[in-house]
A.B. asks: 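The following block contains the structure, expressed as structure tokens.
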Amino acid sequence: MSQIAENLNRIRKRVAHAAVSSGREVSAVKLLAVSKTFPADAVAEAYAAGQRCFGENRVQELEAKAPKLPAELEWHQIGHLQANKVRGALQFSSWIHAVDSLPLLQRIERLAAEMDTHPKLLLEVNVSGEESKFGLRPDEVAPLLEWLPSSAPAPVVGLMTMAPFDVPEPTLHEVFGGLRLLRDRLQQETGHPLPELSMGMSGDFEIAIQEGATIVRVGSAIFGHRDYNMPL
Ligand SMILES: *Cc1c(COP(=O)(O)O)cnc(C)c1O
């Protein structure tokens, strides 16, 4: 078995264990394999091991990789998205995780209508309030949901967050649990269903699952150490 297949098996077991031990269905948690910086060959190996959903950060990298791989792969744009990259992101991605402003949401909706594509969107929230460049403040989320027409081509289906790095476990519980509570409150206040919570990475996905994650974004624990200088 390849190293990637072995890693995938191990991570799938840990995901399943975390779900079951928190009283959740295994099928309620989607494992997203974050393949950024890894070549199409590595993605093909994960695909051969049964993985179908992959996350990428940079649109240019996805544009180079996606055409080399089977069309049935489900691509998720997970990183910060610049306005001038929206069209490229929409070309291949069926999910966009880090929608973090009203102008970006409006641009995605306009181009999705023009391109007749219907990706699922997640609003990125900076739950911890730490110095982070990206993510909406919790009180900035409702206005985006209120703006969204019910006929929007790209539905907002949930929230996404990045936990701060190098923080103790109780803080991770607070951040992930905080995103779930915010979701519950927003659903009640706006009536907009937000079933999906994208949270948890290689170092903390089990805690995220305990707190209700429906999508965990796992990169290095599947593909290994990232080298950002690697050519595509
Ligand atoms: C890189 C990345 C991940 C995966 O990180 P790992 O620690 O390698 O699992 C998850 N989410 C986002 C937004 C990322 O950029």
Side-chain angles (χ1 to χ4, degrees), residues 3-4 6-15 18 29-39 42-43 45-46 49 51-65 74-82 85-86 88-89 92-101 104 108 119-128 130-136 157-169 171-172 175-176 179 196-230 232:
Q3 185 64 57
I4 289 172
E6 225 170 85
N7 292 346
L8 263 172
N9 278 345
R10 202 173 50 245
I11 298 298
R12 283 178 186 138
K13 283 192 190 127
R14 284 173 58 189
V15 166
V29 184
K30 184 195 289 243
L31 173 61
L32 185 63
V34 176
S35 48
K36 66 182 183 210
T37 77
F38 290 95
V43 178
E45 249 179 67
Q51 181 66 27
R52 292 295 176 269
C53 307
F54 293 88
E56 287 285 338
N57 252 14
R58 289 171 56 238
V59 172
Q60 272 159 291
E61 192 176 333
L62 179 56
E63 284 170 336
K65 229 178 265 185
E74 181 180 288
W75 292 104
H76 293 228
Q77 165 69 35
I78 60 172
H80 178 69
L81 186 57
Q82 289 169 315
K85 296 284 169 27
V86 170
F92 293 106
S93 309
S94 41
W95 289 69
I96 297 179
H97 285 230
V99 180
D100 62 357
S101 74
L104 178 62
I108 292 171
K120 296 186 167 110
L121 308 183
L122 301 170
L123 303 180
E124 180 178 3
V125 185
N126 180 358
V127 179
S128 60
E130 58 150 359
E131 296 281 325
S132 159
K133 271 187 290 181
F134 305 122
L136 296 154
V157 297
L159 305 179
M160 176 271 203
T161 199
M162 300 271 290
F165 289 104
D166 280 333
V167 293
E169 228 179 276
T171 308
L172 292 170
V175 168
F176 296 142
L179 192 71
E196 305 288 346
L197 292 175
S198 166
M199 55 190 194
M201 318 199 326
S202 290
D204 54 21
F205 67 85
E206 280 141 322
I207 295 172
I209 291 170
Q210 288 167 25
E211 296 293 348
T214 61
I215 304 175
V216 290
R217 310 179 306 265
V218 179
S220 48
I222 294 171
F223 292 105
H225 178 71
R226 272 190 294 275
D227 174 0
Y228 283 93
N229 298 316
M230 190 128 99
L232 285 181

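Since the model is a prediction, treat every value here as computed from it, not as a measurement. Values below: all heavy atoms of this structure, side chains included; hydrogens, waters and symmetry mates excluded. Note that ligands are numbered from 1 as they come in the structure, with each ligand's atoms numbered from 1 the same way.
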A.B. asks: Taking only heavy atoms of Gly219, which atoms of ligand 1 are found under 4.0 Å from at least one of them?
C.D. replies: 4 (C), 6 (P), 8 (O), 9 (O)
A.B. asks: Using the side-chain contact (heavy atoms from CB on, under 4.5 Å) rule, pick out the option among Leu62, Ile78, Ile222, Val43 that qualifies with Phe54.
C.D. replies: Val43
A.B. asks: Is Val34 close to ligand 1, meaning an N/O of one under 3.5 Å from an N/O of the other?
C.D. replies: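 No; every N/O pair is 3.5 Å or more apart.
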A.B. asks: Can you classify the ring geometry of Trp95 versus His76 as parallel (below 30°), tilted (30 to 60°) or perpendicular (above 60°)?
C.D. replies: parallel
A.B. asks: Taking the basic N atoms (NZ, or NE/NH1/NH2) and the acidic carboxylate oxygens, is any pair closer than 4.0 Å for Glu61 and Lys65?
C.D. replies: yes
A.B. asks: Under 4.0 Å from any heavy atom of Met162, which atoms of ligand 1 are there?
C.D. replies: 12 (C), 13 (C)
A.B. asks: When you check the side-chain N and O atoms of Ser35 and Glu56, is any donor under 3.5 Å from an acceptor?
C.D. replies: yes
A.B. asks: Answer yes when Lys30 and Glu74 have at least one side-chain N-carboxylate O distance shorter than 4.0 Å, and no when they do not.
C.D. replies: yes
A.B. asks: Which residue from His76, Arg217, Gln77, Glu56 reaches closest to atom 4 (C) of ligand 1 through any of its heavy atoms?
C.D. replies: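 Nearest heavy atom to atom 4 (C) of ligand 1 lies in Arg217.
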A.B. asks: Measuring centre to centre across the rings, with the benzene-like ring taken for any Trp, is Phe92 within less than 6.0 Å of Trp75?
C.D. replies: no
A.B. asks: Under 4.0 Å from a heavy atom of Asn57: give me the atoms of ligand 1 that qualify, with their elements.
C.D. replies: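 Checking each atom against Asn57, I get 15 (O).
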A.B. asks: Against heavy atoms of Lys36, which atoms of ligand 1 measure under 4.0 Å?
C.D. replies: 1 (C), 2 (C), 3 (C), 14 (C), 15 (O)
A.B. asks: What atoms in ligand 1 come closer than 4.0 Å to a heavy atom of Val218?
C.D. replies: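 Result: 9 (O).
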A.B. asks: For Ser220, counting its heavy atoms only, list the atoms of ligand 1 lying under 4.0 Å from any of them.
C.D. replies: 6 (P), 7 (O), 8 (O), 9 (O)
A.B. asks: If the threshold is 4.0 Å, N to carboxylate O, is there a salt bridge linking Arg14 and Glu206?
C.D. replies: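 Between Glu206 and Arg14 there is a salt bridge, with a charged N closer than 4.0 Å to a carboxylate O.
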A.B. asks: Atom 10 (C) of ligand 1: which protein heavy atom is closest, and how many Å away?
C.D. replies: Met201 SD, 3.2 Å
A.B. asks: Between Arg226 and ligand 1, find which residue part has any heavy-atom pair under 4.0 Å and reply side chain, backbone, both or neither.
C.D. replies: side chain
A.B. asks: Looking only at protein heavy atoms, identify the closest one to atom 12 (C) of ligand 1 and say how far it is in Å.
C.D. replies: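 Among all protein heavy atoms, the one nearest atom 12 (C) of ligand 1 is Ile78 CD1, 3.5 Å.
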A.B. asks: Around atom 9 (O) of ligand 1, find the nearest protein heavy atom and jot down its residue, atom name and distance.
C.D. replies: Ser202 OG, 2.5 Å
A.B. asks: Taking all atoms of both residues into account, what is the closest heavy-atom pair of Ala98 and Gly79, and its distance?
C.D. replies: CB-O, 3.5 Å
